[in-house]
Every structure is written in structure tokens, then in C-alpha cells.
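Chain letters run A, B, ... following the sequence lines, proteins first and then strands; every chain starts at 1.
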Amino acid sequence: MTTMAYEVATPVFAGPFDLLLHLILREEVEIWEVSLAGIVDAYLAEMQRLEQLDLDVATEFLLIAATLVELKTRRLLPGSDGIDVDEELSLWEERDLLLARLLECKTFKDAAAALLRLAAAAERSHPRRAGMEERFLALTPDLLEGVTPERLRGAFLRAIAPKPVPRVDLDHVAPLRVSVGDAVDELADELPRVGRITFRRLTAGVAQRLEVIVRFLAVLELFKQGLVDLHQGQRFGDISIVWLGPTGAIALDRELVDSYEG
Amino acid sequence: MASDVERAIEAILMVADEPLPPDLLAQVLEVPTTRVVEVCQELATRYQVDDRGFVLVRVAGGYRYQSHPDLAPYVERFVLEGQTSRLSAAALETLAIVAYKQPVSRAQVSAIRGVNVDGVLRTLQHRGYVVEVGRDPGPGQAVLYGTTPLFLERLGLDSLVDLPALGQFVPGQEVVEALEQGLRSDDPPEAEAAHRGL
Amino acid sequence: MASDVERAIEAILMVADEPLPPDLLAQVLEVPTTRVVEVCQELATRYQVDDRGFVLVRVAGGYRYQSHPDLAPYVERFVLEGQTSRLSAAALETLAIVAYKQPVSRAQVSAIRGVNVDGVLRTLQHRGYVVEVGRDPGPGQAVLYGTTPLFLERLGLDSLVDLPALGQFVPGQEVVEALEQGLRSDDPPEAEAAHRGL
């Protein structure tokens with residue numbers, strides 16, 4: 001029953017919104033210290049801790065991470081004139097969408113807490129279930145009227161027939177083996193040889209959006225570790241990646257690298 | 001103002017489904033048995049004076065609430081009219097499982113049906129089709145259920161041996177067990193107490 | 001002197017094993033439903049005034065006797081199997097979404113929670129809090145889910161109308177601002193101001 005594993009079993013966070021809500025609202029008291037960069041870092045760090053994610057959840061986490069990273073990138077990369085208004089708008093749209101989903105998630109989180117309080121109050125009372133006194137039992141209608149031994153047999157067979165187990169059909173999903181860790185390794189092998197490359201070219205052969213995101217995260221990871229420099233001629237223009245690290249084999253700080261697999 | 005012991009006895013008797021011996025109540029409430037007997041008598045008198053539709057009686061060595069004998073005609077009408085006179089498909093399946101797999105525990109029946117069966121089993125017990133027949137010797141000592149002579153009588157059967165054979169299409173024991181296992185692993189410890197709140 | 005209707009209702013509720021809808025009582029007693037509701041309210045008040053250890057409540061669309069919440073410590077000593085099994089936070093949030101948005105498809109619930117909810121929904125179905133209530137008429141004919149009377153019983157509610165209004169849980173301005181701030185890609189205004197000030 002592999003489908004049983006599809007519940008997220010993290011002790012604290014039941015999903016990506018949960019985590020994001022926590023990260024943002026935790027900072028509530030020191031609101032001026034809330035920085036998107038901090039949230040992105042904490043988000044990525046938390047993702048690393050999650051082991052055994054199912055594909056749906058992993059994708060959801062990644063998409064949110066990608067949106068956050070996209071937002072963050074605007075701060076990291078040198079801003080300049082020539083802003084593409086459409087790109088700018090669509091980024092704001094995504095941000096607002098994320099905000100709306102976070103608000104909805106928070107609403108039901110608080111509603112759930114209220115239901116729990118109701119249930120706790122209701123639990124303090126116990127219902128009477130004693131039922132019929134003996135003297136009335138003889139009066140009760142014969143519920144078995146019309147039930148033949150054959151019908152009983154039929155009912156038993158129905159009861160023990162294997163129930164269709166809801167199964168998530170993943171056949172239509174191309175087998176993906178994307179991990180940011182692998183992508184980082186790949187890039188650390190490839191980049192010293194090419195020296196300079198654009199992100200567009202780096203991902204030219206990649207069809208899956210998920211894989212593009214993973215590569216993007218890997219590039220950011222290398223940037224964070226000071227192994228590459230990033231340049232962008234204009235906002236939302238092509239990003240060029242320049243290798244800064246040594247040319248030989250390098251020791252990557254694997255601690256920081258997300259290592260789950262999709 | 002009613003005393004705590006008085007109110008506690010009312011509360012406990014209200015949720016009990018069989019007569020409660022005074023010494024059991026005394027033990028739970030940590031008061032002498034004589035005090036329990038005294039309070040129960042006072043309560044019974046109070047209900048009478050207040051002209052309530054129920055009475056507190058001592059029966060089979062214990063105390064319990066029951067409907068006032070005066071009101072039997074109304075209760076009878078409720079029993080005859082107010083209750084559905086057919087077993088639901090769910091109830092029939094539950095009864096069938098008890099019949100074919102007896103002695104069987106509530107958890108086992110629940111695992112096979114994939115839903116909580118507490119309410120259905122209670123109805124079947126009230127109707128006299130199912131009884132407790134013993135306890136599982138294993139850990140937990142779960143109550144085991146079986147069918148009654150009334151059940152056989154209503155189905156026109158002489159004995160359980162006369163239940164129709166299940167035939168060749170019955171999934172083997174291992175399939176049933178795998179199924180039970182699967183349902184259990186889905187929701188293992190809660191299954192039994194599931195109806196007890198969130 | 002208590003009326004016959006009053007006493008008959010008391011008697012019948014005493015032998016019932018689930019909440020009794022007022023129209024069922026009305027039918028058996030041959031009085032208008034409004035009268036039943038009236039009498040039940042009077043009875044409930046009477047028990048309260050008399051400081052009884054039990055209460056008469058309306059829950060899941062019907063009336064029933066239950067122990068007074070004050071006396072939970074005593075009753076729980078008696079009801080040994082009363083161990084509650086709590087639902088996980090994930091299950092509870094899913095349940096809240098189903099409760100407020102029913103009929104709702106699995107995909108809709110999943111979209112709000114941002115995670116796959118198959119397993120959680122199955123657990124809730126298994127526990128009898130959630131059932132399939134129909135199918136989306138649109139393409140795909142997704143199964144739609146809703147809550148059960150058992151869910152209402154566990155929450156001590158009479159009907160879905162009694163759920164706390166969802167509006168009161170919509171995050172306040174300060175939370176919205178905190179979230180907005182958190183997702184803002186520009187420098188926070190304060191930081192900017194501080195910067196300029198220097």
C-alpha cells in the first residue's frame with residue numbers, strides 16, 4: 001500500500017503554506033526585520049529537513065520556493081532601468097496569488113482550532129445510549145423480515161469483497177529524478193569547463209518546469225557559496241553565470257544543499 | 001441545591017447502559033455504599049414528586065433510569081412507529097459478518113467493513129440478534145460477539161451449520177487478512193475509540 | 001403538574017439510543033412539532049433550574065439526554081473506554097474545510113491546504129465524520145464530500161448553521177500586513193526610512 005505514505009509526516013508543518021505562514025508570522029513582533037531573503041533561506045532550510053516527500057507535495061513546495069526565489073532575485077540582482085512591465089505585473093500577480101492562498105490557509109487553520117474547542121467542550125458530556133427496556137423488546141418490529149439465508153450470504157460476500165483502494169495514478173508523470181544536490185554537483189562539474197554561460201542555455205534541453213526550477217535553485221546555491229557570479233543585463237533579461245571557483249575538484253558545502261528527490 | 005454526589009449519580013446513571021450496583025457507584029464516587037443507596041432513594045422520590053416521565057428503580061441488583069410505567073402506551077407507539085422496520089444494508093452486512101465469522105470482535109468487524117460499527121452492533125444487540133459470547137484471550141481482552149437463537153429462528157435455520165455455504169468465490173483467508181491489515185494500518189489505534197470524539 | 005406530552009417526551013427520550021428529531025416525536029405523540037420543541041426547551045430549563053446532573057440538548061438535529069459537562073470528571077472515571085483519540089492538526093484542518101465548503105471535491109480541499117489530502121480524507125471517512133455526498137456535474141464528475149451527523153454530534157452542534165461564522169476567522173489587518181510584508185520584495189518601509197535618515 002504505497003499510497004498510504006502520501007500523508008506528509010512532518011511533526012510541525014502539514015504543508016508548504018503551513019511552513020510559509022509560520023516563517024512569516026513568527027517574525028510578527030519584529031516586523032521591520034522580516035526580510036524576504038530570510039524567509040527564503042529558512043524555507044529552503046526547512047525543505048532540506050523534510051525527507052520522503054511525495055511528488056505532489058514536493059512540487060507544491062518547489063513552486064512556492066520558486067516564487068519566493070523569484071521575488072528574492074529581484075533584490076539580489078542589480079536592478080536597472082528597462083523594466084519589462086508585463087514581467088513585473090505577472091510577478092506581482094503571483095505574489096498576490098500566494099498571499100491570497102496564505103490568507104485562506106490561515107482562515108481555515110483558525111477555524112480548525114475553533115472546531116477543536118467545540119469538540120473539547122462537547123466531549124465533557126456523554127450521551128445516554130441505554131436504549132430499549134426489556135419489556136418493549138418484544139414489540140420491536142422484526143427487522144429480519146424478508147431476510148433469507150441467501151440474502152445474508154450475499155451481504156457477507158459484499159462485506160468482504162476487497163474494496164477498491166484509492167490509488168494515485170502516477171503513470172502519466174514522467175519519471176523525474178531531480179534533486180538540487182545532484183544539480184549542484186552537475187553544475188560544479190560543468191561550469192568550470194565552460195567558464196561562462198547563460199541560464200537560458202544551461203536549461204535549453206530541459207523540458208520539465210520542475211527541473212528548470214531545480215537548476216535555478218542550484219545556481220542560487222552556488223551563488224550563495226560564492227562559487228559563481230550572476231549578471232543580468234536588464235531586469236528579467238537573460239542571466240549570465242560566471243564560474244568563480246577553482247578549476248579542479250571542489251569541496252561543496254553539502255550541508256547547505258537541499259538533497260531530497262522528486 | 002443538589003449535592004455533588006447526587007448530581008454525579010444522576011450523570012453516571014444517565015450514561016450507563018445497564019443497571020449499576022450501588023457498591024460500584026460507591027467506589028467510583030469514593031463514598032460509602034449506604035450513602036449511595038440513600039441518595040438513590042431520595043432521587044427516586046424526587047422524580048416521583050416532580051411527576052417526571054421517568055423513574056429511578058433498583059433492578060437486577062443495580063440502579064437505572066427507565067420510562068415511567070404510566071407512559072408505556074407512548075413508548076410502545078414510539079417503538080412500533082418511530083423506528084425503521086428494516087435493517088439497513090450496512091446493518092445487514094455487519095450481521096452477516098458476525099454470523100459467518102463468530103466469535104468476532106468489534107474491531108475485526110470494523111476492519112472488514114471499513115467503518116466504525118459501534119452503533120450498528122448496539123442496534124443488533126438491542127434487537128436480540130447478536131450477543132456477547134466471550135472475551136478474546138489475547139491482550140486487550142476484546143469482547144467477542146456471536147449470533148443468538150432468535151437470529152436463527154428469524155432466518156428459519158436450525159443451526160449455524162445451516163448457513164449457506166460461501167462457495168468458491170470467497171476471497172481466501174489471506175486476502176481478507178491483508179484487507180484487514182491494510183485498513184488497520186490506515187488508522188490503527190483510533191479505530192476502536194474512533195466514535196469517542198475528535 | 002407535568003403535562004402528558006412533557007412526561008411522554010421524557011419517557012421516550014429515556015429509551016432512545018440516538019438524538020430524536022422533533023418531528024418524529026411529534027408524529028408519535030400526535031402534537032405539532034412546534035409544541036415538541038417548546039416542551040423540550042421547557043424541560044431543558046427545568047433540569048437546569050433543578051440543578052440536575054444531566055442535561056437535555058439538541059444535537060445533530062434531535063434531542064437527547066446527556067451527562068452535565070460539570071460532572072465529566074466523575075463520568076469519565078466510570079466510562080473507562082472514554083479515551084478520546086484526537087485528530088491530527090492536518091485532519092482537523094481538512095475537516096474544517098469540508099465542513100465550511102461542502103459539498104467540496106478532494107482537489108478543492110487539496111488546493112486550499114497546498115498538500116495532497118487523500119490519506120487524511122480517507123481517515124475522516126473511516127471515522128464517519130465525512131462522506132461522499134455526490135458528484136460534481138461538471139466534466140470529470142469529481143466526488144464531492146460533506147460532513148455527517150456524527151461530525152455534528154462530536155462538536156455538540158445541532159446543524160451546520162451553528163458552525164461558528166467563517167468570517168470571524170479571516171485574518172485581521174495586522175496578519176494581512178505581516179504576510180504582505182513578508183512577501184514584499186522591496187525593502188520594508190521602516191528599513192528604507194532608516195536608511196534615508198542616515
*Are any of the side-chain heavy atoms of C/Glu93 and A/Lys109 separated by less than 4.5 Å?*
yes

*Heavy-atom side-chain contact between A/Ser125 and C/Val57 under 4.5 Å*: no

_When you compare the side chain of C/Val170 with that of A/Leu103, does any pair of heavy atoms fall below 4.5 Å?_
no

*Examine whether an atom of C/Val59 lies under 4.5 Å from a heavy atom of chain A, and if so say whether it belongs to the side chain, the backbone or both; otherwise answer neither.*
neither

*Quick one: closest heavy-atom pair of C/Leu166 and A/Ala111, and the distance?*
CD1-CB, 4.0 Å

_Close side-chain approach of A/Arg124 and C/His68, heavy atoms under 4.5 Å_ = no

*Is A/Leu118 close to C/Pro164 at the side-chain level, that is, under 4.5 Å between some pair of heavy atoms?*
yes

*For C/Leu157, is it the side chain, the backbone, both, or neither that has a heavy atom closer than 4.5 Å to a heavy atom of chain A?*
side chain

*Nearest 0.5 Å please: distance from the CZ atom of C/Phe54 over to the CZ atom of A/Arg128.*
9.5 Å

*Taking the side chain as every heavy atom from C-beta outward, state whether C/Tyr100 and A/Phe108 have any pair of such atoms under 4.5 Å apart.*
yes

*asked:* Under a 4.5 Å cutoff for heavy-atom pairs, which residue among C/Gln66, C/Arg64, C/Gln168 has the most contacts with chain A?
replied: C/Gln66

_I'd like to know if A/Glu104 and C/Lys101 make a salt bridge, using a cut-off of under 4.0 Å between side-chain N and carboxylate O._
yes

*Is a salt bridge present between A/Arg129 and C/Glu153, judged by a nitrogen-to-oxygen distance below 4.0 Å?*
yes

